[in-house]
Amino acid sequence: MLLRFWGTRGSIATPGPGTNKFGGNTSCVEVVTNSGARLILDCGTGARTLGAHLLSHGPKPLQAHILLSHTHWDHIQGFPFFAPGFVPGNSFVLCGPTGCHRSLPEVLSGQMEYTYFPVELGQLGAEMKYHDLAEGIHDLAGVRVTAQFLNHPAVTLGYKLEADGVSLLYLCDHEPYWEKLWRSEAEPGKLDSILHGGDRHHAAFMENADVVIHDAQYTPEEYPAKRNWGHSTYSYVTNIAAAANVKRLFLTHHDPGHDDDFLCGIEEKARDIVRSIGSPMNVSCAFEGCVESFENISPDHEFVDTPISDPICGCSLRILIVDDDEDIRVLAKKALTQAGHRVFEAADGDEGIRQIEKRKPDLVILDLVMPPPDGIEVLKILRSKPETASLPVLVLTARGDEDSTRTSFELGATDFLNKPFTPPQLDSRVRSCFARAAKAQ
Ligand SMILES: [Zn+2]
Ligand SMILES: [Zn+2]
């Protein structure tokens, strides 16, 4: 399996003398398997140079799968400049997360309207097919691709690629679910010691991986001012990847404000973390033009033979929101109704339990902090009754409340969402929560 970085910058392209070493183009990664399957991960501005390279050196006609993590600018801006897209005879399958308010071709054609660009999406010469992805396992060009939602303000998927005896994950853009990684009394460095269920799930996704490419845009010092922007710190990524027994870690999605010297410093600090915890993991900052090949790193590793799933795509759910904060109920109802769901409301715990019995929702969004009975008590009641023991419950958590958050993990909350949240984030988390509950049954 060949891996090549064409764009390593986050947010906006940042060319110039200060970024020559690590590169100024935004996210774009190319993976080619031994059998010749080509997967392009994101189409930031790095896709332009990838396209030029493929025109001169690539097979003719060219076929590739383009996997978009999400459709923020820095992940799609290179697409209109990807020259092989203009060549008749070439064919591409564009894959991206479902659950957005607009389809993938609608979003991509939006940035190619005449106001912004001289050629429309429909005028591209190559064949373009579109494939909506949700959480689940997919077979793309013979590569086993597992998609899992990341924590980002837009609906965003992380991808695990398995081929040639190698597992490689691409996890951009992602923010820690919880500011504190480890439980207070637990031994750090173990998956079981991770405080938040979301971070534990994220770590489990990359467990024993050969290669992980992860968003590490910020330093821990910068993070508090950038909370909820959807990005990680190098220390979170290094710690969580080491705990997950990852062999090779690439930090990427570099901040546009970090020049080469600064990134060398980040690389050193990440290596210090690895040394201090005694992990054998190899960590570096990804740079544009970096090429590495990985061959049968784990020849004895048997990929779990889970069947290729037919993931839940764009389904409409009956959802009950239990929250005493009317503003949150209104915001959540509006966002979820727009996303195609049917939504009911309850302003307190007692009303919530009555509504669950009467309306039998597919999923409950439950606030923890309410006048009695609070979210914890409601969750206890739900889990004690056979008919609601496995009802998917998405718990709304507020930062800094370790005790009640932990209690809700232990009581069997299905998933957690931190306040404040954005409408697309809520929809993606509702879908992943429902999919996880369905998988667990
Ligand atoms: Zn990004
Ligand atoms: Zn983003």
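In this text the structure is predicted, and so the values were computed from the model without any measurement. Remember, it's 1-based here, ligands and their atoms both numbered in the order they're listed.
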Would you tell me whether His253 and Asp74 have side-chain atoms, one donor and one acceptor, within less than 3.5 Å of each other?
->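 There is such a pair between these side chains.
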Keeping the roles fixed (side chain from Ser279, backbone from Ile277), state whether a donor-acceptor pair exists under 3.5 Å.
-> no
Tell me, which protein N/O/S atoms are under 2.8 Å away from the Zn ion (ligand 2)?
->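 N, O, S partners closer than 2.8 Å: His70 NE2, His72 ND1, His152 NE2, Asp173 OD2.
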Atom nearest to the Zn ion (ligand 1) - His253, N, O or S atoms considered | NE2
Step-by-step salt bridge (Lys or Arg N to Asp or Glu O under 4.0 Å) determination, Asp272 to Lys269 | CA-CA 5 Å; Asp272 285 345; Lys269 285 176 191 157; over 6 Å; no
Should the ring pair Phe409 and His196 be called parallel, tilted or perpendicular, given that the plane angle runs from 0 to 90° and is split at 30 and 60?
->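 Perpendicular: the ring planes of Phe409 and His196 meet at over 60°.
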Apply ring-ring contact (aromatic ring centres under 6.0 Å, His included) to His65 and His138, showing your working.
-> CA-CA 12 Å; His65 279 71; His138 313 266; over 10 Å; no
Is the Lys NZ or Arg CZ of Arg248 less than 6.0 Å from the centre of Phe250's six-membered ring, within 45° of the axis?
-> yes
